[in-house]
Number of protein chains: 2
Amino acid sequence: MTHTAELIAVGTELLLGNICNTDAQMISQTLSGLGINVYYHTVVGDNPARVRAAVEVAKGRADIIITTGGLGPTCDDLTKQVLAASFGKRLVFDERSAERIRAYFAERLPHRQMTENNLQQAMLPEGCTVLDNDWGTAPGCAFEAEGVRVIMLPGPPRECRAMLQYRVVPYLREMADGVIASRTLKLFGIGESAMEAQLRDQMLAMTNPTLAPYAKEGECELRITAKAATEAEAQAMLDPVEAGLREQFGDLVYGVDVSSLEERVSQLLRAQGKTLATAESCTGGLAAKRMTDLAGASEIFRGGVVCYATDVKRDLLGVPEEVLERYGAVSAETARALAEGARRVLGSDFALSITGVAGPDPDDRGNPVGLVYLALADGQQVWVKEAHLGQSRERVRTSAVHTAFDLLRRRLTGLPVLG
Amino acid sequence: MTHTAELIAVGTELLLGNICNTDAQMISQTLSGLGINVYYHTVVGDNPARVRAAVEVAKGRADIIITTGGLGPTCDDLTKQVLAASFGKRLVFDERSAERIRAYFAERLPHRQMTENNLQQAMLPEGCTVLDNDWGTAPGCAFEAEGVRVIMLPGPPRECRAMLQYRVVPYLREMADGVIASRTLKLFGIGESAMEAQLRDQMLAMTNPTLAPYAKEGECELRITAKAATEAEAQAMLDPVEAGLREQFGDLVYGVDVSSLEERVSQLLRAQGKTLATAESCTGGLAAKRMTDLAGASEIFRGGVVCYATDVKRDLLGVPEEVLERYGAVSAETARALAEGARRVLGSDFALSITGVAGPDPDDRGNPVGLVYLALADGQQVWVKEAHLGQSRERVRTSAVHTAFDLLRRRLTGLPVLG
């Protein structure tokens, strides 16, 4: 049986445009992967009558309702009140959830006073499945009534994402018949439209497995999804499709089911027992931040220098004054000297450097916004790449970091570093 | 008269989670600024029956309906067809729009063949106001019928944003009466529920201005919104509320209508002609990244050292070996030496240092996850703070950076640095 879900986001801040409904995107992607249709998203404010109206409409057209937001003490637990009322359920005090909330405050926020309204969050619809929240104080919950499954999740995207992955997906998997398996190929170095143009005919011809392209932050993803009676059958259906795509896109594919280029690079460094250091000018620490987002980074990441000021490039990383004067801070020569300097002073096996113009204005030598030089040093050789990465400050910085990590990925997998 | 708008976004790509409904956020912000209430957003796929259902629901509860998407040739002009049918209007060929579409292709897309279905975009509801699209091919349109104003905009955010600003705002200004003004106080150092507990009675008693609390990433916001006949009157209504909140929350308020602690700190550094450097261990470059997210950072930010490995702390920032051995890398003494070292080697007026345990595991001396030492050096004095920042790696890192920036904010505004 095919299920139809409807998402209801509760929060006046969404209607005021203070925040964007990223929860809906995240949940939709996940439901799509599970083979559950989504026909509507609704956003409604912190107003009981209007939330109730949205719920009544949703009940008439979906058999799964997923709400986000409205669970915290600041909104009087609006969502739980309304959903319970709409389905004729009472809210009852859940001692286990109360205990978890007390423990959360005691362990994680010892400097904060827990207030009585925090315990209000332990009031849950009678007979519901409690979805424990290990990432915040408000528990989620799920119940089934009138032929509809209702799932309530906290609104903050960080909590919503974790609850979705660790609580909702297992819950929904149980109701699905058959198994849905998917793999995501990650690509770097090709644009979304170029990728889609190459795949269009293939995609239209496929029904099971299906193939869906996504683009984000300058990277591309291809998700293959297969539905079968067993996990093994579904996986076997994915194999030839993955093999075909790998042949088609070659070394643009940097990994499968890996979250990011930095995760892939970290895996490779760890497997080879090597370390990395960074020297960053225009990216201002973003590459180092990305490397250390991952737990266990200390085994592979030595550190970095954010050399925003020109004399820091000279004094801390040993870029010769004459190079800076003759070629400028944004140049292939400076990128090369930065990578060599970072490798030396930070004592790593590899070093990446990034120097460029993030904008909004050209630099004082007239270098245009988006011009970035990147270098990789490995003690034997230095590779330098010139890149033109667009106009928006954020895009330039993000693309520069991806491009740098991709140089190292290619070096670590024995590919030609500069493509 | 107060107007109520409802937004309907048309696009299956939204329901699949391929893209986020940023148009809704953008339009909501704009409508809020015009004093127009928004009670619902709806997202629906490229399906005539479901779009029609969403429109029928919206007609019953709003007097302005704004649609985004579904205007292009790939969806058979779905949105116009459905809206015209719902309001009993015919679509008629608009020769002026057709001429604009032909000219757009000839001038901007000379390499693309204009197809007949592009001219389909010139079919518009009879008697509508055409909203010329200078940023793409699909014109928008607006009409009034059955007491409802209908406005249709293209979906691509770049086109939608420009159409909103240059076509819709002038159109809506004519019908709006009164002005809505708001201010957002930003707080650091208080939890959402503690803040909400202090304000609950006040908030309930207020109708105009209103007060709304928000929390994100460990910071809190209080938004005050007033509605009046003129901007000056609305601003005058906000003044006493802001003054009262400032008195109530004292130096926890770090700014008004400022986007972040780093923006506030940047403003203060710029005004005082001072510079900053950073030394980061567990935050791995996040503080430097945040400082350089802002354009113009080079005037105030010298650079930073990401000293992830212990010997980098010693070799690059001069933390004495005996300090590292005796107290460890995560200690008040090391934080102090890091801040002093960063200030010295990076040549800045101020330096912030952060060293701690981001997790997921305790460090090799048994320091618990979440324990972080932060220091601020100004050449005269060093302030060191010990903080316990929770269990999640991401939360610890974000909170550590906020806490560090807050030390500097307090120093730059003459407050006791350690509170």
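So you know, we letter chains A, B, ... as the sequences are listed, proteins then strands, and number each from 1. Source: prediction; values computed, not measured. What's counted below: heavy atoms across the whole structure, side chains too, no hydrogens, waters or symmetry copies.
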Handout entry: Arg397(A) versus Thr292(B), side-chain donor and acceptor atoms under 3.5 Å
Key =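 Their side chains do contain a donor-acceptor pair, which is all the 3.5 Å distance test asks for.
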Problem - Side-chain donor-acceptor contact under 3.5 Å, Lys313(A) with Ser281(A) - result: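 Yes, side-chain donor-acceptor contact under 3.5 Å.
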Which answer fits [X], side chain, backbone, both or neither, if we ask what part of it has an atom under 4.5 Å from a heavy atom of chain A?
{"X": "Arg393(B)", "result": "side chain"}
{"X": "Arg223(B)", "result": "side chain"}
{"X": "Thr184(B)", "result": "neither"}
{"X": "Ala24(B)", "result": "neither"}
{"X": "Ser32(B)", "result": "side chain"}
{"X": "Asp293(B)", "result": "both"}

Problem - Which of Lys289(A), Gln25(A), Met26(A) touches chain B most, by non-hydrogen pairs under 4.5 Å - result: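 The candidate making the most pairs under 4.5 Å is Gln25(A).
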Top contributor to chain A contacts, counting heavy-atom pairs under 4.5 Å, from [options]:
{"options": "Cys20(B), Ala288(B), Gly303(B)", "result": "Cys20(B)"}
{"options": "Glu394(B), Arg302(B), Arg61(B), Glu221(B)", "result": "Arg302(B)"}
{"options": "Thr12(B), Leu14(B), Thr310(B), Asn21(B)", "result": "Leu14(B)"}

Exercise for the section: Return the minimal non-hydrogen interatomic distance between Thr275(B) and Asp349(B), and the atom names on each side. Expected result: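 Distance-wise, the nearest heavy atoms are N-OD2, 2.8 Å.
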Practice task
Answer yes or no: is there a donor N or O on one side and an acceptor on the other, between the side chain of Glu280(B) and the main chain of Ile354(B), under 3.5 Å?
Solution key: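 Such a contact is absent between Glu280(B) side chain and Ile354(B) backbone.
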